[in-house]
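A quick note: this is a predicted structure, and the numbers were derived from the prediction, not measured.
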Amino acid sequence: MRDAYHEELDSIGEDLVEMARLVGSAIGRATTAMLDADLKLAESVIAADDKVDTLHHDLEARAIALLARQQPVATDLRIVVTSLRMSADLERAGDLAQHVAKQARLRFPASPVPHDLHATLLEMGQLAQRLMAKSAEVIVTKDVDLALQLEQDDDEMDLLHRTLFQHLMDDRWKHGIETAVDVTLLGRYYERFADHAVSVAKRVVYLVTGEHADEIQPVDTPVEGA
């Protein structure tokens, strides 16, 4: 019985990694669909979110069943409860990738992003994908230092988000209100996606240490040549 129990815990962890990889791929493909006005790709991202939702609901059901049957305590309880929260973060991240794809579909055959902002949105999409890939790695490795670094990496997303608003508030903005709304929404989607990636990493810190990430200082990375 205990072997089956721990196999189930391992299986939940594997599903979390799969969810992280799926939503990371989704935000990358949604970004391409948005910038290239690729309707077929946008539709595939929208449809693929069903798999993330299914994994989330299945994981939730299995975790609740484990709580009821095994009544875990200490570390095992932390694993189950934290896994439920991570699954919710990843499901929401998947929804945000879907929102980007839906924005691409809405404005087809044009892109919702003016050409002079393509580079900024591309950078946001690539960064979002990298952050989620790091979160997947953190789930696998349980590397606390890597998890803590993710929040620092997220500062770059916040900077890009502010850059978008500077463009929107500029007196020289010439793309109209509808495009301004589109860009505002897209910037928010990417910023929130990154927040969920960071949240997943923070939950791994709690899972491993029993302490909240905000209470732990990351180990400084050595400077080359120092």
Side-chain angles (χ1 to χ4, degrees), residues 1-28 49 51-97 127-158 190-221:
M1 285 293 292
R2 297 302 295 176
D3 287 345
Y5 166 55
H6 285 289
E7 285 176 5
E8 187 69 14
L9 284 179
D10 290 342
S11 176
I12 286 173
E14 290 167 3
D15 282 354
L16 288 170
V17 174
E18 176 68 7
M19 288 179 71
R21 288 174 176 163
L22 285 171
V23 299
S25 173
I27 197 68
D49 189 56
K51 184 172 182 180
V52 175
D53 292 342
T54 298
L55 282 168
H56 170 61
H57 294 144
D58 181 61
L59 187 154
E60 189 175 64
R62 286 187 291 129
I64 291 171
L66 273 180
L67 287 171
R69 290 199 314 267
Q70 301 292 340
Q71 298 181 354
V73 296
T75 302
D76 287 350
L77 178 60
R78 206 157 65 226
I79 290 172
V80 176
V81 172
T82 303
S83 294
L84 281 167
R85 291 173 175 169
M86 285 193 285
S87 179
D89 273 315
L90 293 167
E91 189 271 335
R92 290 176 189 137
D95 287 345
L96 290 162
L127 178 58
Q129 192 168 7
R130 290 199 303 273
L131 286 169
M132 191 55 73
K134 275 193 178 182
S135 287
E137 184 180 351
V138 167
I139 296 170
V140 172
T141 63
K142 307 295 189 293
D143 186 330
V144 171
D145 289 332
L146 181 61
L148 293 172
Q149 288 168 16
L150 224 74
E151 189 164 17
Q152 296 174 346
D153 295 339
D154 184 48
D155 290 343
E156 187 179 345
M157 182 67 81
D158 294 336
Y190 285 113
E191 189 263 340
R192 289 298 299 142
F193 185 98
D195 285 347
H196 286 301
V198 172
S199 179
V200 168
K202 283 184 171 182
R203 295 190 196 284
V204 173
V205 172
Y206 177 70
L207 188 157
V208 173
T209 67
E211 297 181 72
H212 293 289
D214 295 340
E215 301 168 356
I216 302 173
Q217 294 298 320
V219 175
D220 291 335
T221 303

Item to complete: List the steps and the verdict of side-chain contact (heavy atoms from CB on, under 4.5 Å) for V138 and V200.
Response: CA-CA 9 Å; V138 167; V200 168; over 6 Å; no
Worksheet, complete the sentence: Distance col, row Q149:CD vs D143:CG, nearest 0.5 angstrom, shows 7.5 Å
Worksheet item: With E137, which of L150, L146, V17 fulfils side chain to side chain contact (heavy atoms under 4.5 Å, CB included)?
Response: L146
Practice prompt. If a pair satisfies side chain to side chain donor-acceptor pair (under 3.5 Å) and one of its residues is in residues 15-27, list it, with sequence neighbours excluded.
Written response: D15-R62, S25-R29
Worksheet item: Going from CG on L90 to CD1 on I139, what distance comes out if it is rounded to the nearest 0.5 angstrom?
Response: 5.5 Å
Discussion item. Evaluate L207 against M86 for side-chain contact (heavy atoms from CB on, under 4.5 Å), listing each step before the verdict.
Written reply: CA-CA 11 Å; L207 188 157; M86 285 193 285; 4.3 Å; yes
Worksheet item: How many angstroms lie between atom OG of S135 and atom CG of D89, to the nearest 0.5 angstrom?
Response: 9.0 Å
Discussion item. Less than 4.5 Å apart, side chain to side chain, heavy atoms only: is that true for E191 and D158?
Written reply: yes
Worksheet item: Taking everything shown except R78 itself, do over 12 heavy atoms lie less than 6.0 Å from its CZ?
Response: yes
Practice prompt. Please report the closest heavy-atom contact between L59 and I12, naming both atoms and the distance.
Written response: CD1-O, 3.7 Å
Discussion item. The criterion is side-chain hydrogen bond (donor to acceptor under 3.5 Å, both in side chains); which residues satisfy it with E91, sequence neighbours excluded?
Written reply: none
Practice prompt. Measure across V205 and A147 and return the closest heavy-atom pair with its distance rounded to 0.1 Å.
Written response: CG2-CB, 3.5 Å
Worksheet item: Measuring from L96:CG to R192:CZ, what's the distance to the nearest 0.5 Å?
Response: 7.0 Å
Worksheet item: Who pairs with L67 by side-chain contact (heavy atoms from CB on, under 4.5 Å), at least two apart in sequence or on another chain?
Response: P72, L77, V80, L84
Worksheet item: What residues, two or more places apart in sequence or in another chain, satisfy side-chain contact (heavy atoms from CB on, under 4.5 Å) together with A194?
Response: L131, D154, M157
Fill in: Residue pair K134 / D153, side-chain heavy-atom distance below 4.5 Å
yes
Discussion item. Using side-chain contact (heavy atoms from CB on, under 4.5 Å), reason through E60 and S87 one step at a time and then give a plain yes or no.
Written reply: CA-CA 8 Å; E60 189 175 64; S87 179; 5.7 Å; no
Item to complete: Might you point out which heavy atoms bring G24 and Q129 nearest each other, and give the distance in Å?
Response: O-CG, 3.3 Å
Worksheet item: CD/E14 to CD/E7 distance, rounded to the nearest 0.5 angstrom?
Response: 10.0 Å
Fill in: Heavy-atom pair of closest approach, residues Y190 and A128
CD2-CB, 4.2 Å
Item to complete: Measure the spacing between CE of M19 and CG of D58 and express it to the nearest 0.5 Å.
Response: 10.5 Å
Worksheet item: With sequence neighbours excluded, what pairs up with D49 under the side-chain contact (heavy atoms from CB on, under 4.5 Å) test?
Response: V52, D53, D95, Q98
Worksheet item: Can you name the side-chain hydrogen bond (donor to acceptor under 3.5 Å, both in side chains) partners of D10, sequence neighbours left out?
Response: none
